[in-house]
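Working notes for the structure below.
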Amino acid sequence: MSVWTEFLQNKKFEIKDDYGIFLHEFWTPMFFSTEDDLMTYINDTDLKEILYIKFKEDENFKLFGSEKKHQEIINSTEKKKFKNSFLWFIVILIGSLVYHYFVKEIDFKELKLFIIIGGVFPITEMFFDYRNLTDVSSQKHQKFIENSIFSFWLQKSNTKFFAYLIPTILALSFGFQEILTLGKSTQFNFVNEFALIKSRLDLGEYERLLTYLFIHYNILHISAIFGALYFLSRIFLQFYNLSLFILIFAITGIVGGLSSVIILPQEISYGASSSVLGILGFLIVIVFKHKEVIPTNIIKDLVNGSLYVAVLGIAGYEFINNAANFGGFIAGALIATTIDNKDEIEHKIKKSLSKIKF
């Protein structure tokens, strides 16, 4: 039995009706008088957000996924949602392409990037989801439970607010950049002043190895960086402190910048993707080293993230600095190989779980 299911399996709640459900975002369960009402609610809910469930025949709540009836619900609901997601994906993709073609003046670089993010990524994700649907083994449902508890742990963590710190600073920098460049009255150019340019680095402007991380191309660029960095920050800060996060963010960004200067000396580099990849590389190694403690579904999510970045880098090589991203990723992974604190991680998990009050 894992540290996750060992701690949470015996939680008891005051019973107020025949059927009930406990979601990650709440502190108390919700109750329903009929099974139809419960199933209607489940069909409109992300299954990964359900921690406990109770049916009429149950004496109290049970971990969602621990019973055969739960597993049948998971399998059937995942199939329905997969079909709906696929149909919505087709509708949104076609609608967006029509909009770009008929309404907005086409920027083929941006259109290509949009097709990759709006097309290739969702299709790849749906492929993994479909493979998951074909797996009905007990191991699958055990992993489902552990991943659900891990997500609940993240949801209730008091460190999640710190996870916004660096992404918010990057977003504010982008906002400041946009405000100063509004209209034609200003000639201030953030790229020239702060981006990583080899000729300026040769003149001794070494601060550019850090400042380039805070310059982004457009709202799509900063949005992708913000979302990815926030997701990784939440996991990272559960095991390590904010100081180490900032240090790795800076080191991997610097290494990524140097990789870009060496491999692609003619390129102008900007954006925090090298640091994001550095944090990703760090976490992948840490999670693999401690997979007895950390749920395997987290490994899958992180590896899938790496594959997405690789696909995006290959398809979008014209406007993505793969040298910087690769350098940051390798730097983060190498830093992780020097850290061995499995017992400390397990202790932190148990300690933080014990502080969760229902």
Side-chain angles (χ1 to χ4, degrees), residues 105 107-114 117 162-230 232-233 242-243 245-281 309 312-313 316-332:
E105 185 178 343
D107 180 332
F108 285 101
K109 265 190 176 181
E110 285 194 9
L111 182 60
K112 184 177 179 181
L113 182 61
F114 170 80
I117 296 175
F162 293 105
Y164 279 110
L165 181 61
I166 300 300
T168 300
I169 291 174
L170 294 178
L172 290 174
S173 298
F174 175 74
F176 186 63
Q177 167 190 332
E178 290 296 289
I179 290 171
L180 285 187
T181 53
L182 279 175
K184 298 181 180 179
S185 59
T186 177
Q187 298 300 313
F188 192 78
N189 191 314
F190 269 80
V191 172
N192 288 337
E193 293 295 327
F194 299 111
L196 189 58
I197 304 172
K198 186 178 185 302
S199 61
R200 303 291 287 270
L201 203 64
D202 292 339
L203 295 175
E205 298 180 14
Y206 302 120
E207 70 278 1
R208 288 175 179 268
L209 287 169
L210 283 175
T211 58
Y212 86 99
L213 298 171
F214 296 87
I215 307 300
H216 294 86
Y217 178 61
N218 57 19
I219 191 67
L220 179 63
H221 189 194
I222 187 61
S223 298
I225 294 295
F226 187 100
L229 194 57
Y230 174 69
L232 297 173
S233 300
L242 183 60
S243 299
F245 180 86
I246 294 173
L247 182 63
I248 293 174
F249 179 89
I251 291 175
T252 55
I254 291 171
V255 173
L258 290 172
S259 300
S260 174
V261 169
I262 294 170
I263 299 173
L264 300 171
Q266 304 305 318
E267 292 290 324
I268 297 175
S269 302
Y270 50 92
S273 58
S274 57
S275 292
V276 172
L277 268 292
I279 300 294
L280 177 62
V309 172
L312 183 60
Y317 68 94
E318 297 169 325
F319 46 84
I320 292 176
N321 193 325
N322 289 311
N325 291 348
F326 181 74
F329 183 87
I330 295 300

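What you see is a predicted model; the values in this text were computed from it and never measured.
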Mind checking what makes side-chain hydrogen bond (donor to acceptor under 3.5 Å, both in side chains) contact with Asn192, not counting sequence neighbours?
none
Does Leu172 have any side chain to side chain contact (heavy atoms under 4.5 Å, CB included) partners at least two apart in sequence or in another chain, and if so, which?
Thr168
Are Phe226 and Tyr164 side-chain neighbours, meaning at least one heavy-atom pair lies under 4.5 Å?
yes
With sequence neighbours left out, write down each residue that passes side-chain hydrogen bond (donor to acceptor under 3.5 Å, both in side chains) with Ser233, or none if nothing qualifies.
none
Going by the rule side chain to side chain contact (heavy atoms under 4.5 Å, CB included), which residues pair with Leu165 if we only count those two or more places apart in sequence or in a different chain?
Ile169, Leu242
Of all heavy-atom pairs between Phe329 and Gly281, which one has the smallest distance, and what is that distance?
CE1-CA, 3.5 Å
Apply ring pair (Phe, Tyr, Trp, His ring centres under 6.0 Å) to Tyr206 and list each qualifying residue two or more places apart in sequence or on a separate chain.
none
Side-chain heavy atoms of Phe174 within contact of Ile219, under 4.5 Å
yes
Out of curiosity, Ile279 CD1 to Leu229 CG, how far, rounded to the nearest 0.5 Å?
7.0 Å
Go through the structure and list residues passing side chain to side chain contact (heavy atoms under 4.5 Å, CB included) with Ser275, not counting sequence neighbours.
Leu213, Phe249, Thr252
The criterion is side-chain hydrogen bond (donor to acceptor under 3.5 Å, both in side chains); which residues satisfy it with Ser269, sequence neighbours excluded?
Ser260, Asn321
Return the CZ to CG distance between Phe194 and Leu210, rounded to the nearest 0.5 Å.
12.5 Å
Qualifying residues under ring pair (Phe, Tyr, Trp, His ring centres under 6.0 Å), relative to Phe162, sequence neighbours excluded:
none
Hey, mind stepping through Ile268 and Tyr212 against side chain to side chain contact (heavy atoms under 4.5 Å, CB included) and telling me if it holds?
CA-CA 9 Å; Ile268 297 175; Tyr212 86 99; over 6 Å; no
Rounded distance [0.5 Å steps], CD1 in Ile246 versus CD1 in Ile251
12.0 Å
For Phe245, ring pair (Phe, Tyr, Trp, His ring centres under 6.0 Å) partners two or more places apart:
Phe236
Considering residues, nucleotides and ligands other than Gln266, do more than 12 of their heavy atoms fall under 6.0 Å from its CD?
no
Set of residues satisfying side chain to side chain contact (heavy atoms under 4.5 Å, CB included) with respect to Ile225, sequence neighbours excluded:
Leu170, His216, His221, Ala272, Ser273, Val276
Tyr270 meets the side-chain hydrogen bond (donor to acceptor under 3.5 Å, both in side chains) criterion, sequence neighbours left out, with none
Check for a donor-acceptor pair, side chain of Tyr230 on one end and backbone N or O of Pro167 on the other, with a separation under 3.5 Å.
no
